[in-house]
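Let me begin by presenting the structure, written as structure tokens, before commenting on it.
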Protein chains: 2
Amino acid sequence: MEKNRAITSLAALAHDQRIDVFRLLVKAGPGGMIAGQIAQTLAIRANTLSNNLNILSGAGLIRSTREGRSIRYFADMEGMRVLLSFLMEDCCGGHPEQCQPVLNQIA
Amino acid sequence: MEKNRAITSLAALAHDQRIDVFRLLVKAGPGGMIAGQIAQTLAIRANTLSNNLNILSGAGLIRSTREGRSIRYFADMEGMRVLLSFLMEDCCGGHPEQCQPVLNQIA
DNA sequence: TATATATTTCCATAATACATGAATTATGGA
DNA sequence: TCCATAATTCATGTATTATGGAAATATATA
């Protein structure tokens, strides 16, 4: 992963509404949620949400598919995995005992 | 973890120099690095680095101890773990098959 | 075609973060 | 004590980012 992409992803998550949206989609799981549901659940205006969904998409953290008039959004777990890999790169190279506790206990 | 703390941590990492510093300290492992070494390795001015180290510390992503005139910095793996837990919260609740691939393949 | 719903785009203003030079604090050695 | 080294703090001009109103686009239904 290139560094600029990682920074884009981290900046996307470092935002009051977007972190809520991402975590909501993580919880929603494979079923995802349509934009309107997200806006209603989090009490966000449609245009602000649209902008923030676009930023999360550009950051590779969520995906979407159109369903009639609605658009359904999903957390992109692969994007998240790539981001974490970049941040933890070479951590476990010489010192696996320092890195492993980070990964355990997350579930 | 409270949301504002997570946002602070993510914003700390979403920065060209700070992400370099963090990853350098992750690679350095338990031995850490003194500030001067970091500045030299990454070619960062002392005052800029100091400011960015302070931001990373405040975000709970690195720690430090003084060693004579120098200060040694370490990646804070526990802080990282807490951040990831917050982001992935409840992911594995109903759909462990979506969350697990994120955690594997990182090492 | 006309209307309603869902979402996005455009734009202006306000707020925030950034890098740098200069000065300051802290520690160790002569 | 005096000086050198290591790191931090402060002030400031610049640039980036966020927000919300209004308008526009896309799709479905009557």
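Note on naming: letters A, B, ... go to the chains in the order of the sequence lines (proteins, then strands), and numbering restarts at 1 for each one.
- B/I34 places its CD1 atom 11 Å from the P atom of D/dT8, with the value rounded to the nearest Å.
- With a 4.5 Å cut-off on side-chain heavy atoms, B/L42 and B/L49 do not count as touching.
- In this structure, B/N52 places its CG atom 11 Å from P of C/dT20, rounding to the nearest Å.
- With distances taken from any side-chain atom of B/I55 to the nucleotides D/dA4, C/dC18, D/dA18, the minimum falls on C/dC18.
- Between the CD atom of B/Q40 and the C1' atom of D/dA6 there is a distance of 13 Å, rounded to whole Å.
- Straight-line distance from the CD atom of A/Q17 to the P atom of D/dA18: 10 Å, rounded to whole Å.
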Review item, nucleotides 8-10 of chain C N/O atoms under 3.5 Å of protein N/O:
residue: C/dT8; atom: OP1; partner: A/Y73; partner atom: OH; Å: 2.6
residue: C/dT8; atom: OP2; partner: A/S50; partner atom: OG; Å: 2.9
residue: C/dT8; atom: O5'; partner: A/S50; partner atom: OG; Å: 3.0

Paired and unpaired positions of DNA chain C as dot-bracket, Watson-Crick or G-U wobble under 3.5 Å, | denoting a partner strand: ||||||||||||||||||||||||||||||
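- Nearest-nucleotide assignment on DNA chain D puts the 5′-proximal partner with A/R18, out of A/R45 and A/R18.
- Inter-residue side-chain proximity for A/K3 and B/D16 is flagged as met; some heavy-atom pair is nearer than 4.5 Å.
- Going from atom CZ of A/R72 over to atom P of D/dT27 covers 17 Å, rounded to whole Å.
- In this structure, the side-chain contact (heavy atoms from CB on, under 4.5 Å) partners of B/S70, at least two apart in sequence or on a different chain, are B/I34.
- Between A/N51 and A/T48, every side-chain heavy-atom pair lies at or beyond the 4.5 Å cut-off.
- Shown are A/L53, A/L56, A/L13; of these, the side chain to side chain contact (heavy atoms under 4.5 Å, CB included) with A/R18 is made only by A/L56.
- A/Q37 contributes atom CD, which lies 8.0 Å from atom CD of A/Q40 (distance to the nearest 0.5 angstrom).
- Mapped onto DNA chain D by nearest heavy atom, A/G68 and A/A11 fall at different nucleotides, with A/A11 at the one closer to the 5' end.
- Phosphate proximity of C/dA17 to A/H15: absent, as no side-chain N or O sits under 4.0 Å from OP1 or OP2.
- Taking CZ of B/R23 as the reference point, atom CG of A/L87 lies at 7.5 Å (rounded to 0.5 Å).
- Atoms CG (B/D16) and C1' (D/dA15) sit 15 Å apart, rounded to a whole Å.
- Between A/I44 atom CD1 and C/dA6 atom C1' the separation is 16 Å, expressed in whole Å.
- Atom OG1 of B/T41 and atom NZ of B/K27 lie 11.5 Å apart (nearest 0.5 Å).
- Side-chain contact between A/I38 and A/L25 is present, with at least one heavy-atom pair separated by less than 4.5 Å.
- Taking atom CZ of B/R69 as the reference point, atom C1' of D/dC3 lies 10 Å away to the nearest angstrom.
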